[in-house]
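Report on the structure given below.
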Amino acid sequence: MGIRFFNTLTRTIMDFEPLVPGEVRMYTCGPTVYDYAHIGNFRAYVFEDLLRRYLKFRGYRVIQVMNLTDVDDKTIRGARREGVSLDEFTARYKQAFFEDLDTLRIERAEFYPAATDHVGDMIALIETLIRKGHAYVSEDGSVYFDISSFPQYGKLSCVDTSGLKAGARVVHDEYGKQDVADFALWKAWDEADGDVSWESPWGRGRPGWHIECSAMSMKYLGETFDIHTGGIDNIFPHHENEIAQSEAATGKPFVRYWLHCAHLVVEGQKMSKSLGNFFTLRDLLKRGYSGREVRFVLIGTHYRQSLNFTLSSLDAARNALARIDDTRRRLRELVYRRKGHGVDDTSKHLVSRSEEKFIQALDDDLNVAPALAALFDLLRDVNRALDRDAITSDGAALLESFLTKMDRVWGFLEVESEEHPDQEVHALVQERERLRRKKNWAEADKIRDRLLRMGWIVQDTPEGPRLRRAK
RNA sequence: GGCGCGGUAGCCAAGUGGUAAGGCACGGGUCUGCAAAACCCGCAUUCACCGGUUCGAAUCCGGUCCGCGCCUCCA
């Protein structure tokens, strides 16, 4: 059996078969670059990263596109508030976004198209929609999609638009609409837009939000592609509108598999600035947590399950990761010790058993919990085998490379370059060893305390002292 | 009101008909100069509640209670 995904379009778990064998084309709704992204946003991006990494792990070539929304009400408002150009304003948050991706070890997509670089593509798409009778121009020069021209509207979200009523949440500037459910493809310029505008066949204005995803996804991935992801909140109206725009324009199915990520809550409550439980990634780094600890927490709950994020879960992640790191270090040390010949049967067996469980779990709609259980079962069995001296250096090398292989999907193993004790630390460790040989425990313990204050934990092993970073 | 999700040990979290994975925390032990790490043992007779189906249910059906999300530009 191969990979299966829950497809929002059919509301069932389906076998995954890409359009082109061996190749997956996926589109991911990216950030609106008006502020630092928050931990909830990253929940979605980490999920998409897991998806991408696992598809690659299973041998697919992945072509991923993530858009950057750099023109909308919020970016325009932000730029005007600060009196800088839209480009200058969004450039800052684009850069911050990529820094955050690196912190969380999120792999880069193949393309990050910015909306402002593709306004021409959007205009062309809107023209097609008008020509085919799916869109109309209002008196003020805005263009709206005509929902009534697309009978399948609602098929993704199962929303019945006849129940929609004009109300508080219907934006004031959209007066020219024939039906409240119609949505803007192009917005005529108004004063709040300042100097942000593009020329179009309908006059000066800017694109609506939904159209960018249709235009850019189809430009880079073709009129029909394999996977489209996003947060659950995007199902309606954003993705519903994307389907309408794209399929009305091309007459072809737009996306084959829709995958949506559930929300993240903090301490059981919706994250909001007023509740004081709003975290950007940077907030967490300031509190001393690392990107991989955050990644571990975000990856650990199934993507269709709402994730209850807490600071104590980050502490738990830290300890769990230390456990992984330590076993990996034991394996490395054994590799260097050149013990035994060839790969022992225990190692072979553990690797094949773990890999089977790992794949079986993740094939099943990215079921991470059993896959993580496979990892921790492996660690326990490896430690056990190490304790009874049942692993050879070649076996350790095999196990170590298997951990590295799994980490192509997990992306949370320790990066070696992160820790190197300096000369002073080395000298102290040696001094302590000298004292310990003299059984001068009191002085030796003082040095141990001193090292701990310097950020290093000393562990005495039969093979000598081992240093571990205290975080 | 419409659409959808969930309630499993102190916390996080799998399991969708065959008798409760895994992680963190916690208690005891082995090892250790003491620690740390590792390992061993223990830690839900029970899966929000009430009925029902079944030889058998956390898993299926009906009902109740509770929490959460979306419903026009929020991942």
Side-chain angles (χ1 to χ4, degrees), chain A residues 8 11 28-32 37-48 69 72-74 154 157-167 169-171 174 177 180-184 187 208-210 229-238 240-241 260-265 268-272 296-297 300-302 304-310 312-313 315-324 326-327 329-330 357 361 367-377 379-380 382-384 386-388 436 439-442 444-445 448 452 457-462 465-466 468 470:
Chain A
T8 308
R11 312 259 163 165
T28 299
C29 283
T32 301
H38 58 68
I39 192 71
N41 297 321
F42 286 116
R43 198 263 166 116
Y45 304 136
V46 166
F47 147 62
E48 287 145 4
T69 299
D72 80 322
D73 290 348
K74 286 177 296 218
S157 54
C158 301
V159 165
D160 177 7
T161 55
S162 65
L164 287 173
K165 292 272 192 293
R169 300 197 65 171
V170 172
V171 192
E174 300 190 337
K177 294 202 285 191
V180 287
D182 290 349
F183 56 90
K187 296 175 136 180
W209 175 43
H210 312 294
T229 67
I232 196 169
D233 52 285
N234 275 332
I235 295 174
F236 188 85
H238 183 52
E240 197 68 71
N241 292 352
H260 290 97
C261 174
H263 275 185
L264 170 152
V265 296
Q269 288 186 292
K270 183 171 182 170
M271 183 165 64
S272 75
F296 186 88
V297 169
T301 297
H302 185 85
R304 285 192 287 116
Q305 200 72 38
S306 77
L307 187 160
N308 186 15
F309 183 85
T310 61
S312 65
S313 68
D315 296 325
R318 172 168 300 179
N319 292 329
L321 286 168
R323 180 175 161 80
I324 303 171
D326 273 343
T327 301
R329 197 162 333 171
R330 291 183 78 183
K357 283 188 188 169
N367 197 357
V368 290
L372 276 174
L375 171 61
F376 284 102
D377 283 344
L379 296 178
R380 187 197 57 233
V382 165
N383 280 319
R384 199 182 279 171
L386 286 169
D387 283 354
R388 62 182 161 81
R436 288 184 71 228
K439 299 199 188 299
N440 187 346
W441 310 122
D445 287 353
R448 184 164 65 191
L452 183 60
I457 292 168
V458 188
Q459 299 180 348
D460 298 320
T461 74
R466 179 159 62 192
R468 202 180 114 198

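Everything numeric here is computed off the predicted structure, so don't read it as measured data. Per chain, numbering begins at 1; letters A, B, ... match sequence-line order.
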N or O in side chain of N367(A) less than 4.0 angstrom from G15(B) OP1/OP2: yes
Nucleotide of A14(B), A75(B), C73(B) approaching A369(A) most closely (side-chain heavy atoms): A14(B)
Distance-only donor-acceptor test (3.5 Å): side chain N241(A), base C73(B): no
Any donor-acceptor N/O pair under 3.5 Å between C74(B) base and K74(A) side chain: no
A48(B) - base-pair partner by Watson-Crick or wobble geometry, distances under 3.5 Å: U64(B)
Donor-acceptor contact present, side-chain R43(A) to main-chain S306(A), <3.5 Å: no
Minimum heavy-atom distance C261(A)-F47(A), with the two atoms named: CB-CD2, 3.5 Å
Sugar-phosphate, base or nothing in reach of A316(A), heavy atoms under 4.0 Å: sugar-phosphate
For A444(A) against R436(A), the heavy-atom pair lying closest together: CB-CG, 3.6 Å
Length of the line joining D445(A):CG and A35(B):C1', which is rounded to integer Å: 8 Å
Residue-phosphate contact under 4.0 Å: N383(A) side-chain N/O, A38(B) OP1/OP2: no
Below 4.0 Å: OP1/OP2 of A37(B) and any side-chain N or O of R466(A): no
Sugar-phosphate, base or nothing in reach of S157(A), heavy atoms under 4.0 Å: sugar-phosphate
Whole-Å distance separating the CG atom of D315(A) from the C1' atom of C24(B): 10 Å
Base paired to A37(B) (Watson-Crick or G-U; both N/O distances under 3.5 angstrom): none
Salt-bridge present (R318(A), D315(A); N to O < 4.0 Å): no
Residue mapping more 5' on RNA chain B - nearest nucleotide basis, S312(A) or A322(A): S312(A)
Nearest atoms (heavy-atom pairs only) where V368(A) meets T301(A): CG2-C, 4.1 Å
Side-chain N,O (N319(A)) to OP1/OP2 (C24(B)) below 4.0 Å: no
Residue H302(A), side-chain heavy atoms: nucleotide from U72(B), A14(B), G23(B) that is nearest: A14(B)
Sugar-phosphate only, base, or nothing, as touched by G230(A) at under 4.0 Å among non-hydrogen atoms: sugar-phosphate
N/O (side chain, K439(A)) to phosphate O (OP1/OP2, C34(B)) under 4.0 Å: no
Sugar-phosphate, base or nothing in reach of R448(A), heavy atoms under 4.0 Å: base
Aromatic stack W441(A)/G33(B): centroid gap under 5.5 Å, interplanar angle under 30°: yes
Gap between atom CG of L372(A) and atom CG of N367(A) - 0.5 Å precision: 10.0 Å
Whole-Å distance separating the CD atom of Q305(A) from the C1' atom of G69(B): 12 Å
Touch class at under 4.0 angstrom, heavy-atom based, for V458(A) against every strand present: base
OP1 or OP2 of C39(B) under 4.0 Å from side-chain N/O of R323(A): yes
Nearest-Å distance for atom pair NZ/C1', residues K357(A) and A14(B): 13 Å
A57(B): pairing nucleotide in any strand, Watson-Crick or G-U under 3.5 angstrom: none
Integer angstrom distance from the P of C71(B) to that of A48(B): 30 Å
Assigned partner base of A9(B), Watson-Crick or wobble definition, under 3.5 Å: none
C1'-based separation of G7(B) from C50(B) [nearest Å]: 16 Å
Watson-Crick or G-U wobble partner of A21(B), both distances under 3.5 Å: none
Interatomic distance, F296(A) CZ vs C24(B) P [rounded to whole Å]: 8 Å
Integer angstrom distance from the C1' of G15(B) to that of A58(B): 8 Å
Quiz item: R380(A) side-chain donor-acceptor pair to A38(B) base, under 3.5 Å: no
C1' spacing across the pair A20(B) / C47(B), given as an integer number of angstrom: 8 Å
I232(A) CD1 - A75(B) C1' separation (whole Å): 10 Å
Sugar-phosphate only, base, or nothing, as touched by H238(A) at under 4.0 Å among non-hydrogen atoms: nothing
P atoms of G23(B) and G17(B), separation to the nearest Å: 25 Å
Phosphate contact (A75(B) OP1 or OP2) by N234(A) side-chain N/O below 4.0 Å: no
Partners meeting salt bridge (charged side-chain N to carboxylate O under 4.0 Å, His left out) with D72(A) (sequence neighbours left out): none
Nucleotide G69(B), atom P - distance to NZ of K270(A) in whole Å: 6 Å
Reported CZ-to-CG distance for the pair R466(A) and D326(A), which is rounded to 0.5 angstrom: 6.0 Å
Distance-only donor-acceptor test (3.5 Å): side chain R436(A), base G33(B): yes
Sugar-phosphate, base or nothing in reach of H38(A), heavy atoms under 4.0 Å: base
Ionic contact status for D387(A) with R384(A), cut-off 4.0 Å: no
Integer angstrom distance from the P of C31(B) to that of C40(B): 16 Å
Nearest-nucleotide 5' precedence on RNA chain B, A442(A) against C29(A): A442(A)
Span that lies between the C1' atom of G56(B) and that of C5(B), in whole angstrom: 29 Å
Whether H263(A) stacks on the six-membered ring of A75(B) base, 5.5 Å and 30° limits: yes
Touch class at under 4.0 angstrom, heavy-atom based, for T301(A) against every strand present: sugar-phosphate
Residue matched to C3(B) through Watson-Crick or wobble contacts both under 3.5 angstrom: G69(B)
Short side-chain to backbone donor-acceptor contact, T327(A) and R323(A), under 3.5 Å: yes
Length of the CG-P vector between L264(A) and G6(B), whole Å: 17 Å
C1' spacing across the pair U54(B) / U19(B), given as an integer number of angstrom: 14 Å
